[in-house]
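Convention: sequence-line order gives letters A, B, ...; per-chain numbering from 1. What you see below is based on every heavy atom in this structure, not just the backbone, and it leaves out hydrogens, waters and symmetry mates.
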Number of protein chains: 2
Amino acid sequence: MTAVQERSKTRRQRLLDAALEVFTSHGYSDAAIDQIARASDTSKGGLYFHFPSKQALFLALLGEASAALLTDVETAMAAETDPLARGDAALREVLHAFGGHRLLARLLLIDAVGAGKEFAVKLDELHAAFAALIARCLDDAVAQGLIPPQDTRLAAQAWYGAVNHVVLRWLMTGEPRRLEDAYPALRRLLLFGVTGASQEKVR
Amino acid sequence: MTAVQERSKTRRQRLLDAALEVFTSHGYSDAAIDQIARASDTSKGGLYFHFPSKQALFLALLGEASAALLTDVETAMAAETDPLARGDAALREVLHAFGGHRLLARLLLIDAVGAGKEFAVKLDELHAAFAALIARCLDDAVAQGLIPPQDTRLAAQAWYGAVNHVVLRWLMTGEPRRLEDAYPALRRLLLFGVTGASQEKVR
DNA sequence: TCAAACAAACCGACTAGTCGGTCGGATAGT
DNA sequence: ACTATCCGACCGACTAGTCGGTTTGTTTGA
């Protein structure tokens with residue numbers, strides 16, 4: 001890689017880092033391009049050399065963030081073979097990833113939601129990817145007779161939503177102090193519901 | 001009530017209706033005050049007579065919407081005595097209310113989230129109120145020995161999140177066609193988890 | 001070896017347009 | 001006559017995106 005390309009790459013990264021910072025602290029609309037340029041120690045012109053518009057910059061940020069999260073979760077899942085253990089791993093990894101990257105959580109769970117219709121598609125992709133991951137797990141579990149047949153799509157949505165909201169709560173109120181602490185109760189709930197019957201059967 | 005007061009009241013309502021329409025179709029930031037004034041068949045000056053700022057208008061809208069939803073749910077719950085039946089009623093009522101008022105759902109679940117830090121408090125109040133309602137149910141159920149002791153706060157959060165996300169899905173993708181159709185599967189999932197054991201015990 | 005020519009990357013003042021909020025005046029109810 | 005309500009032209013602040021020009025790195029050819 002030539003020196004030019006390398007510099008360009010680090011510039012791009014600097015811009016993305018600054019964008020993450022500014023977008024998450026002000027929200028998409030209230031984040032000014034000038035602010036991002038300043039925060040990245042580059043310039044507005046430089047920013048517009050790398051990204052054609054504010055929207056494209058935000059989209060790129062969303063893309064990188066969600067891709068990173070997804071691969072993290074996928075590798076964590078790949079380490080397990082049992083379908084339910086894979087679900088466990090996914091849950092643990094999500095809590096761990098968000099717990100360690102507050103800004104990433106804010107970006108994906110708060111800022112991306114209210115940023116406007118233009119981003120709904122991208123966001124939907126992320127939701128769909130996650131839901132598919134979970135639904136896959138559940139389908140496998142059903143196929144192996146570990147859990148009874150059911151609407152796995154809806155179950156996946158509900159799981160996703162439950163986790164989502166616990167993370168959101170953590171972002172907004174700071175509870176629980178360490179996000180990962182929610183894991184055991186959340187796991188139990190997702191598997192057995194509030195009635196909590198037959199816990200021993202699967203564990 | 002004098003004629004003036006009455007006119008004022010209907011004006012205010014017209015403004016709120018228009019605000020709901022415009023805010024939900026463009027998002028908070030991209031909704032222009034002029035647009036709302038036009039949509040309400042009144043004027044910008046008139047709007048600013050009734051609401052001191054854009055923020056206050058949105059806040060008022062949020063307040064009315066969430067209050068309406070809450071009382072709906074509370075009355076539905078009051079009709080039942082058994083804690084779990086109360087939870088059921090709440091779930092049914094929420095799905096019914098959102099299912100019948102798309103814009104209300106959009107406002108509370110999408111637009112309010114990304115509108116900015118200023119609204120986080122109000123949104124938090126709503127979350128807390130709902131979570132408290134559910135947690136109360138669960139606590140009662142625990143006290144009556146219907147379900148085992150557990151972290152009812154977290155369970156309430158997770159329930160809320162799950163329902164939230166199913167509604168969101170409905171808003172964004174249109175699935176399921178009728179929101180209420182999600183009720184049976186959702187209920188089963190919240191009570192028994194994916195393992196779904198011992199369904200007959202409680203029902 | 002080293003200019004000179006070229007291209008990619010970068011800069012920031014400027015443009016053009018938007019939008020929340022104001023204000024002086026009009027109008028309707030009492 | 002007096003007040004509450006309503007109107008819309010206007011103001012000032014702000015900002016996404018542009019553009020002419022500069023810097024930095026690479027290639028060419030003598």
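In the set C:dA8, D:dG17, C:dG21, D:dG17 carries the atom at the smallest distance from any side-chain atom of A:Ser53.
For B:Lys54 against C:dG21, no side-chain N or O and base N or O form a donor-acceptor pair under 3.5 Å.
C:dC10 atom C1' lies 16 Å from atom CZ of A:Arg12, rounded to whole Å. Distance, B:Phe49 CZ to C:dT27 P: 18 Å, rounded to whole Å. As a whole-Å value, the separation of B:Asp34 CG from C:dG21 P is 11 Å. The nearest whole Å value for the distance from the CG atom in B:Asp30 to the C1' atom in D:dT15 is 13 Å. If you measure from atom CD of B:Gln35 to atom P of D:dG8, you get 17 Å, rounded to the nearest angstrom. The interatomic distance linking A:Leu47 (CG) with D:dT18 (P) rounds to 12 Å, in whole Å. In this structure, A:Ile33 atom CD1 and C:dG12 atom C1' are separated by 14 Å, rounded to whole Å. In this structure, CZ of A:Phe51 is placed 11 Å from P of C:dC10, rounded to the nearest angstrom.
Along DNA chain D, the nucleotide nearest B:Asp41 and the nucleotide nearest A:Tyr48 are compared for position; the residue whose nucleotide lies closer to the 5' end is B:Asp41. Residue A:Lys44 is the one, among B:Ala31 and A:Lys44, whose nearest nucleotide of DNA chain C lies closer to the 5' end (criterion: closest heavy atom). DNA chain C is contacted by both B:Ala32 and A:Ser43; A:Ser43 maps to the nucleotide lying nearer its 5′ end (nearest heavy atom per residue).
Side-chain atoms of B:Leu108 and B:Phe98, non-hydrogen and from C-beta on, do get closer than 4.5 Å to each other.
Using a 4.0 Å cut-off between charged nitrogen and carboxylate oxygen, A:Asp41 and A:Arg14 do not count as a salt-bridge pair. Under 4.0 Å is where a charged nitrogen must lie from a carboxylate oxygen, and between B:Glu80 and B:Arg92 no such pair does.
The heavy-atom pair separating B:Arg12 from B:Phe51 by the smallest distance is NH1-CE2, 3.5 Å.
Residue A:Arg11 places none of its side-chain N or O atoms closer than 4.0 Å to OP1 or OP2 of C:dA9.
At least one cation-pi condition fails for B:Lys54 and B:Phe23: the charged atom is not both under 6.0 angstrom from the six-membered ring centre and inside a 45 degree cone around its axis.
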